[in-house]
> 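One structure, pasted below without further comment.
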Amino acid sequence: MTDKKGGGYSTTERNVPSVRPIPNNRLNLPSLDKECPMTLEAMKEIEKHLVGQGLLDESLAEFLIKTTARLLAADPNVVAVSNSSVVIVGDLHGQFYDLINIMRNVCSSWHPSKCTYVFLGDYVDRGSFSTELVLYVCCLKLLYPRNVVLLRGNHESEKLNKNFNFPHEFASKYSDKLYSLTHQMFNRMPIAAIVTTASRRYFCAHGGISRKAKDIADLNDINRFTDVVQNGVMTDLLWSDPTTTYETSKNTTSYEPNKARGCAHRYSHAAVKKFLKRNNLTCVIRGHEVMDAGYRLYKQPGESFPTLITVFSAPNYVDSYGNKGAVLVIEEDEINVQTFREVPHPYLLPDQLNAFTWSMPYVAKSVHDMLMMVLNVCTSEEMSEEDSKTMTPERRAIVKGKIKAVARMGNYYNILQRESDAIMKLKVLSPTGKLSAGLLSEGQEGLMAALARNDHLPFDDVKKLDAENEKLPRAATIDDMTDDYNEEDDPEDCTAPSNDDVTML
């Protein structure tokens, strides 16, 4: 075989040396045990293997998840963090290679051996490498148990995951048993943290605050060792958002229904101010919402310091938004924002589609081309001469009809190839990973027009297209919620279980 320049291809060496082969062995490290669950050398070896798209041995992955779950179960609902340097990492959504970039480059000056990392949750779904990301943060927690805080996000929920790509991705790499253990680990994650510096206290939770938990003590009383339900304090902490008029409204109404999410609520500036004052806090830090700049500081006129900060650490979210990623670095009483762009990651076909299935339209086109070459061995004049000697007019008409049918088939395969390519590109560009309803019925012209429209859409347009994926999937609507948003409601009875009630892995 020759390349485009006329040179030969090697049959014994990789023709693109910069693209390393995927490891064909599953990594196992039997030296890790309960007495020594992680070492720096093991961490580096696992990281290298995962970055190269390698898989871990089932026994090693199970050990990492089980051991991490035990550590998480020992944490209180609200983790106390006190360190001179703290890094806050927002939503990651399966963007494993962007997390590696954060640890190696963006935050290289703040090593987890000396600095505390608080992850705000949403490790899985939407991105293509959720499994690797989960295993990696498990390694971080095991190596630096006191300096790594893994909070829970709304996507650390088995019920919610069923509507996204994490189960399918996980099943293509590991067993159902390991998937079940992963969700048991999610159910043990703490739900909030308080970061204390010399003169400030920051409340960290994935979504924000709950109207039914006025005091921090209320949060420590709830039972977090379960899947996320449709209503309740934990659901509020993981699903709520600030009001759209947070920075401008002087309205004293504290909460309103969250129609964008279909659950929880939106909290106002007045609600956050009341919560901060009651608990001697300075600011609420949360994730949960993609931001074009990677972060947002919420301040009303006259305020010298934001009462609310949103941080989102998945740049170019779902390979469509074009947003920056960000992390917050708190040093003493200073907050610095580190922003960054996405890094390249291995290309995967949508829905873990294999190359053979994807290539079928192209294979069919090639088979057709070969068939046409066979039929074109003789010229049309030669065929006519031969036909006049050996074929009746009826037989000649049949043969010509078949040749025309093969030609039509070729045209069909050409269209199929182009449409298949367009559909694949549209699925990659779409935040939902699906085509718009009725698009296929518009034919090739509709597909090509949609491809032109969806390529490089502005941030706000992509966010509108993706709005349905940001909502809690359920049959009921926001109108079915019976809460009347009375601020005097008593906190619900969600007593935390005793240690004996928590089934350990």
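Numbers for residues simply follow the sequence, beginning at 1.
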> When you compare the side chains of S240 and Y255, does any donor N or O come within less than 3.5 Å of an acceptor on the partner?
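There is no such pair (donor and acceptor under 3.5 Å, judged by atom type) between the side chains of S240 and Y255.
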> Main chain of E470, side chain of R261: is a donor-acceptor contact present, judged purely on distance under 3.5 Å?
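Yes; judged by distance alone, with no hydrogens or angles, the pair exists.
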> Given D215, which partner from the list K277, K274, R278 fulfils the salt bridge (Lys or Arg N to Asp or Glu O under 4.0 Å) test?
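So, applying the salt bridge (Lys or Arg N to Asp or Glu O under 4.0 Å) to D215 and each of K277, K274, R278, only R278 qualifies.
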> Using a 6.0 Å distance limit plus a 45 degree cone around the ring axis, check whether R200 lies over the aromatic ring of F305.
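Yes, R200 sits over the ring of F305.
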> Would you say the side-chain atoms of H345 and D319 include a donor-acceptor pair closer than 3.5 Å?
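Yes.
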> Is there a donor-acceptor contact under 3.5 Å from the side chain of D98 to the main chain of G94?
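Checked: no pair found.
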> Could you check, using the six-membered ring where one of them is a Trp, whether F275 and Y267 have ring centers closer than 6.0 angstrom?
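When the ring centroids of F275 and Y267 are compared, they turn out to be at least 6.0 Å apart.
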> Run the ring pair (Phe, Tyr, Trp, His ring centres under 6.0 Å) test against Y202 and tell me which residues pass, sequence neighbours left out.
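Not a single residue meets the ring pair (Phe, Tyr, Trp, His ring centres under 6.0 Å) criterion with Y202.
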> Which residue pairs satisfy the side-chain hydrogen bond (donor to acceptor under 3.5 Å, both in side chains) criterion with at least one member in residues 79-89, sequence neighbours excluded?
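Only N83-T116 qualify under side-chain hydrogen bond (donor to acceptor under 3.5 Å, both in side chains).
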> Without swapping roles, check the side chain of S320 against the backbone of V318 for a donor-acceptor pair under 3.5 Å.
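Flag set: sc S320 to bb V318 pair under 3.5 Å.
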> For D292, enumerate each residue passing the side-chain contact (heavy atoms from CB on, under 4.5 Å) test, keeping only those at least two apart in sequence or located in another chain.
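Residues passing side-chain contact (heavy atoms from CB on, under 4.5 Å) with D292: N323, F459.
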> Can you check salt bridge (charged side-chain N to carboxylate O under 4.0 Å, His left out) on E132 and K173, steps first, answer last?
CA-CA 10 Å; E132 289 80 4; K173 300 172 182 177; 2.9 Å; yes
> Under a 3.5 Å cutoff, is there a donor and acceptor pairing between the side chains of N187 and T226?
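No, because no side-chain N or O of N187 sits under 3.5 Å from a partner of the opposite role on T226.
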> Output a table of donor-acceptor pairs, distance under 3.5 Å, between side-chain atoms of residues 30-38 and any protein atom two or more places apart or on a different chain; print 'none' if there are none.
{"residue": "D33", "atom": "OD1", "partner": "E35", "partner atom": "N", "Å": "3.0"}
{"residue": "D33", "atom": "OD1", "partner": "C36", "partner atom": "N", "Å": "2.8"}

> Less than 3.5 Å apart, any donor N or O on the side chain of N161 or H183 sitting next to an acceptor on the other?
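Looking only at side-chain atoms, H183 and N161 do form a donor-acceptor pair, the distance falling under 3.5 Å.
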> Where the side chain of R224 meets the backbone of M189, is there a donor-acceptor pair that is under 3.5 Å apart?
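Side chain of R224 to backbone of M189, a donor-acceptor pair under 3.5 Å: yes, one is there.
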> Partners of Y174 by ring pair (Phe, Tyr, Trp, His ring centres under 6.0 Å), sequence neighbours excluded?
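Once residues adjacent in sequence are excluded, the partners of Y174 under the ring pair (Phe, Tyr, Trp, His ring centres under 6.0 Å) criterion are F170.
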> Output all residues satisfying side-chain contact (heavy atoms from CB on, under 4.5 Å) with S113, sequence neighbours left out; order by chain, then residue number.
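In terms of side-chain contact (heavy atoms from CB on, under 4.5 Å), with neighbours along the sequence ignored, S113 is linked to H111, Y144.
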